[in-house]
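Below you'll find the structure, written out as structure tokens, and then a few comments.
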There are 2 protein chains.
Amino acid sequence: MEKAAFIRESIDFLQRYMMKSLQKYSEEHGVTIPQARVIAEVFAHKAISIKLLSKNLKMTQSTVSDIVERLTSKGLLVKTPNPKDKRSVEISLSSELSEGIDANIPEITNQSLSQVLNLLKPDEQETIEKGMQLLVSAVKEKMEADGMDHFEFFDVVYFPGKTKKEK
Amino acid sequence: MEKAAFIRESIDFLQRYMMKSLQKYSEEHGVTIPQARVIAEVFAHKAISIKLLSKNLKMTQSTVSDIVERLTSKGLLVKTPNPKDKRSVEISLSSELSEGIDANIPEITNQSLSQVLNLLKPDEQETIEKGMQLLVSAVKEKMEADGMDHFEFFDVVYFPGKTKKEK
DNA sequence: CTAACATATATCGCATACGATGTATCGTGT
DNA sequence: ACACGATACATCGTATGCGATATATGTTAG
């Protein structure tokens, strides 16, 4: 149990660190973390629907809708009705934003963690990656055993594991 | 960078899994996750101040104050003015709640993760723990280098690391 | 074509979450 | 006693975050 507590707290800690790192960057641009995530995702797709944003960012559609609403009212995003499907809207960057935007935004999230890894020796990085893989696959196994399979609230795409489900 | 992306997503995934696990238990008792965390902490201390709750749960004082307020209005917690310090209030479980409460609440948080670890072989558990330690200490190192040291937004007490700061 | 169903958003209500600020109290120094 | 800073909370404003529901539009069965 001691071990589990350590791992749980470590995950909490790491999560908070990543949030703080993102926040640092976000605040410099006058937006919040979720707003930055939305902007980055829109940037990566040029034009994208609320639905897809919701799926990619693992947030509910209503949450994304609210955030996009605030960003459009701030003039950072633009909503264009989709001619193909009038229920849908195309979210894109506003002209001002797309001008002055940093081209490597999508990588901001990983940047700080990448720098952290570079502090370590290759075999240490290996250990971390292996440990992560073991833990993630064990959790997935547990989820299946508990019938949480259909949650699909997150896909760690980089690790095949035993996930065989499609959608 | 590929490696960093995998680790970031893994941490996200693990965090979400722990949340879901806690949520499962919490919802059965008609409270939310943060409420359950507050109740568990109050239970563990019998009587505790807002300040200490805030520190232990890593939430701001205002957030804790709000949650305690909702729980007291639901009759689950009781606020008693502290005679020693009239600025402070003692938070304790209501009589009804302290009767029917599950005695091992404090362990709920770690329970599911503990079960996950038991799916693995001892040497695999070792790898996970080592990887976690390496990553956490590397992050701490990075934080010091970046001057985020004074954040102290979380202490992973189980791992000494190189942290030398107090308070 | 129309009814039934499905889909994409928007909106509402509620619960975090946090910074800023106000209030009461405590401690300390004068 | 008094002033002043520190402390413990409460409250307010704003921003997520999500479930439930409403609305408009697409799709399909008959």
Side-chain angles (χ1 to χ4, degrees), chain A residues 12 15-16 19-20 22-24 26-27 29-39 41 47-74 76-91 151 153-154 167, chain B residues 12 15-16 19-20 22-24 26-27 29-39 41 47-74 76-91 151 153-154 167:
Chain A
D12 271 9
Q15 182 80 23
R16 285 165 195 274
M19 282 302 166
K20 278 290 175 190
L22 227 193
Q23 189 176 30
K24 205 171 170 183
S26 300
E27 280 176 351
H29 292 68
V31 294
T32 64
I33 293 177
Q35 289 176 357
R37 296 214 306 144
V38 167
I39 290 173
E41 193 66 19
I48 187 174
S49 69
I50 298 273
K51 179 74 173 179
L52 200 51
L53 276 178
S54 166
K55 180 171 182 293
N56 292 349
L57 299 176
K58 317 295 173 192
M59 297 188 290
T60 63
Q61 172 267 315
S62 56
T63 297
V64 174
S65 181
D66 284 338
I67 296 173
V68 168
E69 165 58 27
R70 278 182 218 104
L71 286 174
T72 52
S73 71
K74 272 201 229 175
L76 298 178
L77 294 184
V78 174
K79 281 196 285 192
T80 314
N82 186 335
K84 309 284 184 108
D85 185 340
K86 279 191 278 195
R87 297 169 304 178
S88 182
V89 283
E90 301 257 301
I91 316 292
F151 266 110
F153 54 75
F154 204 95
K167 195 231 9 198
Chain B
D12 271 9
Q15 181 82 22
R16 285 166 196 274
M19 283 302 166
K20 277 291 176 191
L22 227 192
Q23 190 176 30
K24 205 171 171 182
S26 300
E27 281 176 353
H29 292 68
V31 294
T32 65
I33 293 178
Q35 289 176 357
R37 296 214 304 145
V38 168
I39 290 174
E41 193 67 17
I48 187 174
S49 68
I50 298 272
K51 178 73 174 180
L52 200 49
L53 276 177
S54 166
K55 180 171 182 293
N56 293 348
L57 299 176
K58 317 293 173 194
M59 296 187 291
T60 63
Q61 172 265 317
S62 55
T63 299
V64 174
S65 182
D66 284 339
I67 296 173
V68 168
E69 165 58 26
R70 278 182 219 102
L71 286 175
T72 53
S73 71
K74 272 202 230 176
L76 298 178
L77 293 184
V78 174
K79 280 196 285 192
T80 314
N82 186 334
K84 309 285 184 110
D85 185 341
K86 280 191 279 197
R87 296 169 304 178
S88 182
V89 283
E90 301 257 302
I91 315 293
F151 265 110
F153 54 75
F154 204 94
K167 201 189 45 144

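Values below: every heavy atom of this structure, side chains too, minus hydrogens, waters and symmetry copies. Lettering follows sequence order; numbering is per chain, from 1.
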Results of side chain to side chain contact (heavy atoms under 4.5 Å, CB included) for [X] - residues two or more places apart only:
X	value
Asn56(A)	Glu41(A), His45(A), Ile48(A), Leu52(A)
Gln61(B)	Ile50(B), Ser54(B), Ser65(B)
Gln15(A)	Met18(A), Met19(A), Ile11(B), Asp12(B), Gln15(B)

Not counting sequence neighbours, which residues clear side-chain hydrogen bond (donor to acceptor under 3.5 Å, both in side chains) with Lys74(B)? List them please.
->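 Gln35(B).
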
Sequence neighbours left out, what passes side-chain hydrogen bond (donor to acceptor under 3.5 Å, both in side chains) with Thr63(A)? Give chain and number order.
->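 Once residues adjacent in sequence are excluded, the partners of Thr63(A) under the side-chain hydrogen bond (donor to acceptor under 3.5 Å, both in side chains) criterion are Thr60(A).
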
Check whether any side-chain N or O of Ser49(A) sits under 4.0 Å from OP1 or OP2 of dA8(C), and answer yes or no.
->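 No.
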
Between [X] and [Y], is any pair of side-chain heavy atoms under 4.5 Å apart?
X	Y	answer
Arg37(A)	Leu22(A)	yes
Val89(B)	Asn82(B)	no
Thr72(B)	Val78(B)	no

So what does Ser88(B) hit on the nucleic acid, given a heavy-atom distance under 4.0 Å: a base, only sugar-phosphate, or nothing?
->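 Sugar-phosphate, no base atom in range.
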
Earliest and latest nucleotide of DNA chain D, 5' to 3', sitting under 4.0 Å from a non-hydrogen atom of chain B?
->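 Terminal contacting nucleotides, 5' to 3': dA6(D) to dT11(D).
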
What pairs meet the salt bridge (charged side-chain N to carboxylate O under 4.0 Å, His left out) rule with one or both residues in residues 59-70 of chain B, with sequence neighbours excluded?
->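 The answer is Glu69(B)-Lys79(B).
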
Can Val31(B) and Ile39(B) be said to form a side-chain contact (heavy atoms from CB on, under 4.5 Å), step by step?
-> CA-CA 10 Å; Val31(B) 294; Ile39(B) 290 174; 4.3 Å; yes

If we fit an axis to the first five pairs and another to the last five of the helix from dC1(C)-dG30(D) to dT30(C)-dA1(D), what angle do they make, to the nearest 10°?
->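 Inter-axis angle at the termini of the helix from dC1(C)-dG30(D) to dT30(C)-dA1(D): 10°.
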
Interatomic distance where NZ belongs to Lys74(B) and P belongs to dC14(C) [whole Å] =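 Spelled out: NZ on Lys74(B) to P on dC14(C) is 12 Å.
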
Atom-to-atom span, CD of Glu69(B) to P of dA15(C) - whole angstrom =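 In whole Å, dA15(C) P and Glu69(B) CD are 11 Å from each other.
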
Would you mind building the protein contact string for nucleotides 16-27 of chain C? One character per nucleotide, 5' to 3', B for base within reach (heavy atoms under 4.0 Å), S for sugar-phosphate only, - for untouched.
-> BBBBB---BBS-

